[in-house]
Amino acid sequence: MTIYPAIDIKGGRCVRLTQGRADQQTIYSENPAAIATQFEAAGSDWVHVVDLDGAFSGESQNLAAVREIVAAGMKVQLGGGMRSREAVERALALGVSRVVVGTRAAESEEFVRELVGVFGSKIAVGIDAKDGMVAVKGWVSTTGTSALALAQRMDALGVSTLIYTDIGTDGMLTGPNLAAQEAMLKTVKCGVIASGGVSQQGDVGALGALAKRHANLDGVIIGKAIYEKRVDLAQAIADARA
């Protein structure tokens with residue numbers, strides 16, 4: 001199970017939003033690349049980066065910061081504003097290892113089919129769910145689509161990685177929604193990265209136990225718990241590899 005420490009970028013700075021609300025943000029650093037370097041020093045190979053401005057506006061806004069993170073030597077998984085093939089190509093040209101498509105995936109299976117056909121495993125689909133239903137556009141809108149139903153369709157299209165975020169727990173430090181994550185793991189054959197709610201070392205262990213039951217649990221994204229020093233990244237990486 002891979003640990004993906006998270007960097008959310010807004011206005012070029014490393015921030016965290018409460019429940020995805022743009023008006024409730026905490027700034028953790030003016031230099032996202034410096035945070036990535038700290039993650040690398042703790043033993044992380046990957047970093048999960050979200051361009052929050054891109055998620056809200058639909059267009060990438062923080063590629064300069066992403067370029068600096070890539071230059072720091074991390075493998076970058078990037079989401080936020082990836083709603084055209086051109087946006088995906090720009091990100092990959094920067095050296096991003098994997099691009100996460102969210103809103104557009106919920107709107108167009110043909111778009112995902114095209115991307116997977118061209119870029120293969122470099123494409124991941126992010127499914128953000130509130131009460132089991134897909135949320136899009138930076139969580140501003142909730143659709144009438146079931147997260148599990150969308151996941152099945154993405155799996156059938158050949159998507160190799162899904163990132164499943166339970167909005168209700170994300171950033172709340174209340175623990176992951178293990179039942180929702182297990183339901184997703186049972187629904188698809190592709191790899192799943194769990195996101196949302198990790199608040200302490202024990203949560204990493206609980207997800208590790210889930211990974212032992214479901215080989216397709218690829219990893220877990222951890223954000224606020226690292227910044228608030230509730231989870232030690234180096235220890236989480238060691239626990240995940242145990």
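For the single chain, residues carry numbers from 1 onward in sequence order. Only heavy atoms go into these numbers, but all of them, side chains included; no hydrogens, no water, no symmetry mates.
- A donor-acceptor contact shorter than 3.5 Å links the side chain of Asn177 to the backbone of Ala180.
- No side-chain donor-acceptor contact under 3.5 Å links Ser44 to the backbone of Glu40.
- Contact record, Ala91 with Val99: CB-CG2, 3.9 Å, taken as the closest heavy-atom pair.
- Transitive grouping of hydrophobic side chains (ILVMFWY, heavy atoms separated by less than 4.5 Å) keeps Trp46 and Ile237 in distinct clusters.
- For Glu59, the CD atom counts as loosely surrounded, since its 6.0 Å shell holds 12 or fewer non-hydrogen atoms of other residues, nucleotides or ligands.
- What you find for Thr37 and Ala72 is that their closest heavy atoms are OG1-CB, 3.9 Å.
- Put simply, the side chain of Ile193 reaches to within 4.5 Å of the side chain of Thr161, judged on heavy atoms.
- A 4.5 Å side-chain heavy-atom check between Gln25 and Arg16 finds every atom pair outside the cut-off.
- In this structure, Gln61 contributes its side chain and Gly12 its backbone to no donor-acceptor pair below 3.5 Å.
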Check the pair Tyr4, Asp218 against side chain to side chain donor-acceptor pair (under 3.5 Å), reporting the backbone distance first and the verdict last. CA-CA 10 Å; Tyr4 294 83; Asp218 172 74; 2.8 Å; yes
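- Rounded to the nearest 0.5 angstrom, Ile7 CD1 and Asn31 CG are separated by 9.5 Å.
- Residues Val47 and Lys75 fail the side-chain proximity criterion, which asks for heavy atoms closer than 4.5 Å.
- Minimum interatomic distance between Lys212 and Ala242 (heavy atoms only, all atoms of both residues): NZ-O, 3.8 Å.
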When you look at Phe119 and Glu114, which way does the side chain to side chain contact (heavy atoms under 4.5 Å, CB included) test go after all the steps? CA-CA 9 Å; Phe119 303 111; Glu114 176 191 354; over 6 Å; no
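- Look at Glu86 and Arg90 and you find no salt bridge, because none of the NZ, NE, NH1 or NH2 atoms lies under 4.0 Å from a carboxylate O.
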Determine, step by step, whether Met154 and Leu157 satisfy the side chain to side chain contact (heavy atoms under 4.5 Å, CB included) criterion, reporting the C-alpha distance in whole Å, the side-chain angles of both residues, the deciding distance to 0.1 Å, and the verdict. CA-CA 5 Å; Met154 295 300 104; Leu157 290 174; 3.8 Å; yes
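- With values rounded to the nearest 0.5 angstrom, Asp128 atom CG is found 5.0 Å from Ile167 atom CD1.
- Annotation: side chain of Val15 is not in contact with side chain of Thr26 (no heavy-atom distance under 4.5 Å).
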Check the pair Ser199 / Asp203 against side chain to side chain donor-acceptor pair (under 3.5 Å), numbers first and verdict last. CA-CA 7 Å; Ser199 61; Asp203 292 333; 2.8 Å; yes
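- Taking all atoms of both residues into account, the shortest heavy-atom contact from Ala42 to Leu233 is CB-CD2, 3.8 Å.
- Panel note: side chain Gln201, backbone Asp232; a donor-acceptor pair is recorded below 3.5 Å.
- When all heavy atoms of Ser60 and Gly80 are compared, the closest pair comes out as OG-O, 4.3 Å.
- Linking ILVMFWY side-chain heavy atoms closer than 4.5 Å, directly or via other members, places Val100 and Val134 in two distinct hydrophobic clusters.
- Side-chain contact between Ile9 and Asp51 is absent, with no heavy-atom pair separated by less than 4.5 Å.
- Note: Arg113 CZ to Ile123 CD1 = 14.5 Å, rounded to the nearest 0.5 Å.
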Output, in order, the C-alpha distance, side-chain angles, deciding distance and verdict of side chain to side chain contact (heavy atoms under 4.5 Å, CB included) for Leu207 and Leu178. CA-CA 7 Å; Leu207 286 159; Leu178 295 173; 3.8 Å; yes
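- Ion pairing between a basic and an acidic side chain is recognised when a charged N comes within 4.0 Å of a carboxylate O; Glu107 and Arg83 show no such pairing.
- Taken to the nearest 0.5 Å, the CD1 atom of Ile163 stands 10.0 Å off from the CD1 atom of Ile127.
- Taken together through direct or relayed side-chain contacts under 4.5 Å among Ile, Leu, Val, Met, Phe, Trp and Tyr, Leu210 and Ile221 form parts of separate hydrophobic clusters.
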Using side chain to side chain donor-acceptor pair (under 3.5 Å), reason through Ser195 and Thr165 one step at a time and then give a plain yes or no. CA-CA 5 Å; Ser195 175; Thr165 303; 3.3 Å; yes
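- A donor-acceptor pair is defined here as one N or O able to donate and one able to accept, closer than 3.5 Å; such a pair exists between the side chain of Ser108 and the backbone of Phe111.
- The side-chain heavy atoms of Arg98 and Leu78, taken from C-beta on, include no pair separated by under 4.5 Å.
- With respect to the salt-bridge test (charged N to carboxylate O, under 4.0 angstrom), the residues Arg241 and Asp45 qualify.
- When every heavy atom of Ala6 is checked against every heavy atom of Gly223, the shortest pair comes out as CB-CA, 4.0 Å.
- Using a 4.5 Å heavy-atom cutoff, the side chains of Val112 and Val125 are in contact.
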Tell me, with the steps shown, if Asp8 and Leu17 meet side chain to side chain contact (heavy atoms under 4.5 Å, CB included). CA-CA 8 Å; Asp8 291 357; Leu17 304 184; 5.9 Å; no
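- Atom CE of Met133 and atom OG of Ser146 lie 6.0 Å apart (nearest 0.5 Å).
- Inter-residue side-chain proximity for Glu228 and Tyr28 is flagged as met; some heavy-atom pair is nearer than 4.5 Å.
- In this structure, the separation between CE on Met1 and CG on Leu217 is 6.0 Å, given to the nearest 0.5 Å.
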